[in-house]
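Convention: sequence-line order gives letters A, B, ...; per-chain numbering from 1.
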Amino acid sequence: MSKPPVLRSTRHARQTLRQLSELYPEAECALHHTSPWELLVATILSAQCTDVRVNLVTPALFARCPTPEVMSRIPLEELEQLIKTTGFFRNKAKNLQLCASALVEHHGGEVPGSMEELVELAGVGRKTANVILGNAFQLPGMVVDTHVKRLAYRLGWSAEREPEKVEVDLCRLLAKRDWTQASHLLIAHGRAICRAQRPWCSSCSLQSRCPRNGVKNSK
DNA sequence: ATCCCGAGGG
DNA sequence: CCCTCTGGAT
């Protein structure tokens, strides 16, 4: 992998985000949900899986498991079959059931609204917790997924490789009120243009702001 | 072959 | 730090 680009300033980040917000005015959480519980389930399922495929299984899953109480009691095999096409289905089913039980036993059947409580749940790391905080509770949530990590590196916003360290850098760089929307914008651009492989630099409106501009191998 | 809005364990 | 878990799309 190539050397990390020169790190950019808060101003660079702010201006870049403003430009992205004009490009993706509709950017938001793409996981279908109508409650914190549904978003928690969908986000756990989204690990190493596209949101499109998560949205394919969640209607039947939410109908069968409308509450943590129900999910904590259905047969594990049935849960596995309901989520099978999202991949890692054995791990995810086990975590979902553990998670559901913990909500019933320790949180009154409700999804907790703090990072400390969320990351205690099975299958919930900082990325998933920040999705919940930002999209179900309207709290600052700096989501560092594979897209955000990649774009933060390419844009020169963080030289780190570990998601937790990238998150620290981005939280320092961006205003708290922008964390969640910034995540959505970076994810949208990461999907459409700044892809992992063969990034579509020729169609990227951030070319003038991108430290990789002119770099031959833009892999 | 490689990636997808990762997490947990060694 | 590494590895494993998993199916589907490209």
Seminar exercise, completed: Under a 4.0 Å heavy-atom criterion, the protein footprint on nucleotides 2-10 of chain C, written with B, S and -, is ---BBBS--
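- Contact annotation: the side chain of A:Ile44 approaches that of A:Cys99 to within less than 4.5 Å [non-hydrogen atoms, C-beta and beyond].
- Look at the P atom in both B:dT2 and C:dC3: the space between them is 15 Å, to the nearest Å.
- Shown here are the salt bridge (charged side-chain N to carboxylate O under 4.0 Å, His left out) partners of A:Glu69, two or more places apart in sequence or in another chain: there are none.
- Residue A:Thr128 places no side-chain N or O under 4.0 Å from the OP1 or OP2 atom of B:dG6.
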Problem set entry | From CA spacing to verdict: salt bridge (charged side-chain N to carboxylate O under 4.0 Å, His left out), A:Arg126, A:Glu167 | CA-CA 9 Å; A:Arg126 291 192 64 88; A:Glu167 185 186 332; 2.7 Å; yes
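- Comparing the same atom, C1', in B:dC4 and in C:dC5 gives a spacing of 14 Å after rounding to whole Å.
- Between A:Trp37 and A:Leu103 the shortest side-chain heavy-atom distance falls below 4.5 Å.
- Checked by atom type and distance alone, the side chain of A:Trp179 pairs as donor or acceptor with a backbone atom of A:Leu174 at under 3.5 Å.
- Here A:Glu164 lies out of heavy-atom contact (under 4.0 Å) with every strand.
- Counting non-hydrogen atoms under 4.0 angstrom, A:Ala30 reaches a base of the nucleic acid.
- Comparing B:dA7 with C:dG8, their P atoms are spaced 22 Å from each other, to the whole Å.
- Across all strands, A:Val124 comes closer than 4.0 Å only to sugar-phosphate atoms, never to a base (heavy-atom distances).
- If A:Thr43 and A:Val119 are placed on DNA chain B by their nearest nucleotide, the residue sitting closer to the 5' end is A:Thr43.
- Here the P atom of nucleotide B:dG8 and the CG atom of A:Leu96 are 12 Å apart, to the nearest Å.
- Among the protein residues, A:Leu98 comes within range of no part of the nucleic acid, since none of its heavy atoms lies under 4.0 Å from any strand.
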In a table with atom names and distances, give each donor-acceptor pair under 3.5 Å that connects a side chain of residues 55-66 of chain A to protein atoms at least two apart or in another chain.
{"unit_1": "A:Asn55", "atom_1": "OD1", "unit_2": "A:His32", "atom_2": "N", "d": "2.9"}
{"unit_1": "A:Asn55", "atom_1": "ND2", "unit_2": "A:Ala30", "atom_2": "O", "d": "3.0"}
{"unit_1": "A:Asn55", "atom_1": "ND2", "unit_2": "A:Asp51", "atom_2": "O", "d": "3.3"}
{"unit_1": "A:Thr58", "atom_1": "OG1", "unit_2": "A:Val54", "atom_2": "O", "d": "3.3"}
{"unit_1": "A:Arg64", "atom_1": "NE", "unit_2": "A:Glu78", "atom_2": "OE2", "d": "2.6"}
{"unit_1": "A:Arg64", "atom_1": "NH2", "unit_2": "A:Glu78", "atom_2": "OE1", "d": "3.1"}

